[in-house]
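This report concerns only the one structure given below.
Quantities reported herein were computed from a predicted structural model and do not represent experimental measurements. Keep in mind that the numbers below use all heavy atoms, side chains included, and drop hydrogens, waters and symmetry copies. Just so it is clear: chains get the letters A, B, ... in the order the sequence lines come, proteins before strands, and each one is counted from 1.
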Amino acid sequence: MRMSRYFLPTLKENPAEAQIISHRLMLRAGLIRQSSAGIYSWLPFGYRALKKIETIIREEQDASGAQEMLMPTIQSADLWRKSGRYDDYGKEMLRIQDRHEREMLYGPTNEELITDIFANDIKSYKDLPKNLYHIQWKFRDEVRPRFGVMRGREFLMKDAYSFDLDQDGARRSYNKMFVAYLRTFARLGLKAIPLRANTGPIGGDMSHEFIILAETGESQVYCHKALLEVPTPENVDYDSDLEPLIHDWTMYYAAADEMHDATKCPVKPEDLVTARGIEVGHIFYFGTKYSEPMGAKVASPDGNTVTVHMGSYGIGVSRLVAAVIEASHDEVGIIWPESIAPFQISLINLKPGDATCDQLCSDLYHRIQQNNIDVLYDDRDERAGAKFADMDLIGLPWQIIVGPRGAKEGKVEVKKRASGARSEVSFDVALNQIIAK
RNA sequence: CGGACCGUAGCGCAGCCUGGUAGCGCAUCAGACUGGGGGUCUGGGGGUCGUGGGUUCAAAUCCCGCCGGUCCGACCA
C-alpha cells in the first residue's frame, strides 16, 4: 500500500480524552476513532490488526475442534425470559423494540441463543460433544466506558459454547479450550497466565481467567515465577488426554488482587511475581445452568433423557488489540508483534522525486509485494523526520529506509523496530532477509 | 449509580471571572527555499463558540433547560 493513498491519519499530539497508553497510541497511529461513548470505528490500519488477531483465534479454535458459525447481534427477549436472565441482566443490556413493538435486545452474550439452537436439533448423545463458536460484536451498556476499546460498550468477542453428556465430557471440552487459549495468546506474542476464577454456586475448579502481563494493566496479579516459564503446548493432539498439560499450567500459585491474601500466600516472597495484568479471556464450565431452563436434553446410551453440560469460553478480540499495544510499545509508538502487524514492512523513501530513490523504492515495493508480504510504502513528499516519527508511531516490525546516499550504490538500510538494530545492505540482501523471515 | 468537570477550526488550547471586531500553536492548501529524525519563509482557506431559551442596546462571556463528552469511585470480556 502506498501511504500517499492510504487512509492513515496520525496525530502528533495526545488527544485529551485518552488516559492509557494503548488508547493514545490507537488514536495517534490512526487505528480507531471514537463514534460515541465506548463505541469506536476501526480505521483501515486498525482493522487490519483486528482481522489478524481474529484469524489467529479462528485457526486455534478450529484446531481444537470447535466449529465456527455466526449468530445475530439482535436477539429476541423471549429467549432471555426463558433462562430468567431478561430481568436479571439489568441496565447493562441494551433493550430495543422493533416496529411491531416486539421486545428485542442487542446481545451482550449468547448462551440462550446457542442453547436454543442446540436444543432444537441435537437429540442424541451420539452427536456429542459439540463446541460451537462465533466471532461477533457484543454490546454491554457499561456504566462507565473508558480506556478506548479496552473497556468499550461495543466490542468484538469470540465466544464458544461446549455441549457434553456429563461433567467428565465437559471437562475434556474445557481442557481443549484451555490449551487453545494458551496457544492463541502465545501466537499473539503475549505472555498470558491462567488464573483460577470464582466459579460461583457451581463450584469446582473449572473457571479460569487469562491475564496478560502489562505494566499498565488494570488489575494486580500475583503468581509463582515458575508459571512464567511454563512452555506453550506445541503440536497438540486434542484427542489425547490433556490433563497433564493443564496440570503444568495450574500447579503454580496464581491469583488476582481480590483473591490474593499476602498473609496466606503459599509462595515464598523471592519466588512471587507481582505484576499488572489485563484480562483477555475467560473460560468456564457451568453445568446445566442454561441447558436446564432452555430444555437442551439428549437421549443417553441407556435410553434416558439427560440435560447436557455446558461451558462457555470468551476472548475479547477488540480488547486484545489494545492489550497487545499495552504489552508492546515504547516511548515513541507501537511495536507490533510480527504475527499481527497490519503490515510487515515500512518502506521509506527519504527523497521522493529523486530518480534513484524512486526507482529503488519502486523495485523493492513490487518485489516485496510479489512475495505476498504486506508492505506500507511511504512515498509521501514529507520531511524525513516526519516520516521516521510516523513509522515509529505505527510500529511495523521492519523498516527499510531508502535515501539518496545509499541508493547510488544500491544500498538500503534495514531496521528492526523492536530492537532498533539496523544494517546497511544491498537491495538483494534486504529482499532476501525479509523473505527469509 | 454517587462525586467532579469540560464542550470555542481537523487536533491541542486561550478568551469567559469584569458582556463590546473570535484568537494562538500544530495540522491543512499554494508557492519558494530545503532535504538522513516532526525544517524555514511568504500567502491563503477553514468557526451557526454543543444546542434551545432567557437577561441586555449588545452574549463565546451572565442565568436556566437539554444534548454530547471526560475524569474519580462502586461494577465488568
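Looking only at distances, a side-chain donor or acceptor of A:T250 sits under 3.5 Å from a matching main-chain atom of A:I246. A donor-acceptor pair under 3.5 Å links the side-chain atoms of A:Y365 to the main chain of A:M1, judged by distance alone. Between the side chain of A:S318 and the backbone N or O of A:L156 there is at least one donor-acceptor pair closer than 3.5 Å.
If you look at A:H208 and A:F210, their ring centroids are not closer than 6.0 Å. Ring-centre distance between A:Y89 and A:W80: below the 6.0 Å cut-off.
Using the six-membered ring where Trp is involved, A:Y174 and A:F178 have ring planes that are tilted, between 30° and 60° apart.
Searching all strands for a Watson-Crick or G-U wobble partner of B:A58 with both distances below 3.5 Å returns nothing. Pair check for B:U18 finds none; no Watson-Crick or G-U wobble contact set falls under 3.5 Å. Pair assignment for B:G50: B:C66, on the basis of Watson-Crick or G-U wobble contacts that are both within less than 3.5 Å. Pairing for B:C76 is absent, with no Watson-Crick or G-U wobble pair whose two atom distances lie under 3.5 Å. Across all strands shown, B:U28 forms a Watson-Crick or G-U wobble pair with B:G44, both key distances being under 3.5 Å.
Side-chain nitrogen and oxygen atoms of A:K91 include at least one within less than 4.0 Å of the OP1 or OP2 phosphate oxygen of B:C1.
Of the candidate nucleotides B:U28, B:G73, B:U70, B:U70 has the atom nearest to the side chain of A:Q34. Of the candidate nucleotides B:G69, B:A77, B:G38, B:A77 has the atom lying nearest to any side-chain atom of A:E142. Taking only side-chain atoms of A:E13, from C-beta outward, the nucleotide of B:G12, B:G36, B:C76 with the closest atom is B:G12. The side chain of A:D390 sits closest to B:G38 out of B:G38, B:U70, B:A77. Out of B:G73, B:G36, B:U70, the shortest distance to the side chain of A:R146 is found at B:G73. In this structure, of B:A77, B:G35, B:G12, it is B:G35 that holds the atom nearest to the side chain of A:K351.
Atom C1' of B:U61 sits at a distance of 10 Å from the matching atom of B:U18, rounded to the whole Å. B:U21 and B:A58 have their C1' atoms separated by 13 Å, given to the nearest Å. Comparing the P positions of B:G10 and B:C29 gives a spacing of 15 Å, expressed to the nearest Å. On the P atoms, B:C11 is 14 Å away from B:U70, given to the nearest whole Å. A gap of 34 Å separates the P atoms of B:G45 and B:C6, to the nearest Å. B:A59 and B:U48 have their C1' atoms separated by 14 Å, given to the nearest Å. The P atoms of B:G38 and B:C75 are separated by 47 Å, rounded to the nearest whole Å. A distance of about 22 Å separates the P atoms of B:G3 and B:C76, rounded to the whole Å.
Taking 3.5 Å as the limit, the base of B:G37 and the side chain of A:R422 contain a donor-acceptor pair of atoms between them. Judged by distance alone, with hydrogens and angles left aside, A:R151 brings a side-chain donor or acceptor within reach of the base of B:C76, the pair sitting under 3.5 Å. A donor and an acceptor atom sit less than 3.5 Å apart, one in the side chain of A:E413 and one in the base of B:G36. Side-chain to base pairing of A:R383 with B:G35: no donor and acceptor N or O lie closer than 3.5 Å to each other. Taking only distance into account, the side chain of A:K415 meets the base of B:G37 through a donor-acceptor pair shorter than 3.5 Å. No N or O donor and acceptor, one from the side chain of A:D354 and one from the base of B:G35, sit under 3.5 Å apart.
Between A:M150 and A:H23, it is A:H23 whose nearest contact on RNA chain B lies nearer the 5' terminus. Position along RNA chain B of the nearest nucleotide to A:G281 versus A:A37 favours A:A37 as the more 5'-ward residue.
Residue A:G314 is out of contact with every strand shown, counting any heavy-atom pair closer than 4.0 Å. Base engagement by A:D392 is indicated by at least one non-hydrogen atom pair under 4.0 Å involving a base atom. Among the protein residues, A:S36 comes within range of the sugar-phosphate backbone only, with heavy atoms under 4.0 Å from sugar or phosphate atoms but none that close to a base. Within the 4.0 angstrom heavy-atom criterion, only backbone atoms of the sugar-phosphate kind lie near A:A16; the bases stay farther away. As judged by a 4.0 angstrom heavy-atom cut-off over every strand, A:L350 is placed among the base-contacting residues. Contacts of A:G152 with the nucleic acid, taken as non-hydrogen atoms under 4.0 Å apart, include base atoms.
We find that CZ of A:R24 is positioned 15 Å from C1' of B:C11, with the value rounded to whole Å. Here B:C11 presents its C1' atom at 14 Å from CG of A:L393, a figure rounded to the nearest Å. Distance A:R28 CZ to B:G38 P: 15 Å, rounded to the nearest Å. Look at CG on A:D381: it is 13 Å from P on B:G39, rounded to the nearest Å. As rounded to whole Å, 6 Å separates atom P of B:C71 from atom CD of A:Q19. A straight line from CZ of A:F388 to C1' of B:G36 spans 5 Å, rounded to a whole angstrom. Rounded to whole Å, the distance from NZ on A:K408 to P on B:G36 is 13 Å. As rounded to whole Å, 12 Å separates atom C1' of B:G37 from atom NZ of A:K12.
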Working for side-chain hydrogen bond (donor to acceptor under 3.5 Å, both in side chains), residues A:R276 and A:Q220 = CA-CA 5 Å; A:R276 305 294 294 176; A:Q220 192 75 30; 2.5 Å; yes

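Closest approach of A:D358 to A:Y377, counting heavy atoms only: O-OH, 4.4 Å.
Between the side chains of A:S83 and A:E112, at least one donor-acceptor pair of N or O atoms lies under 3.5 Å.
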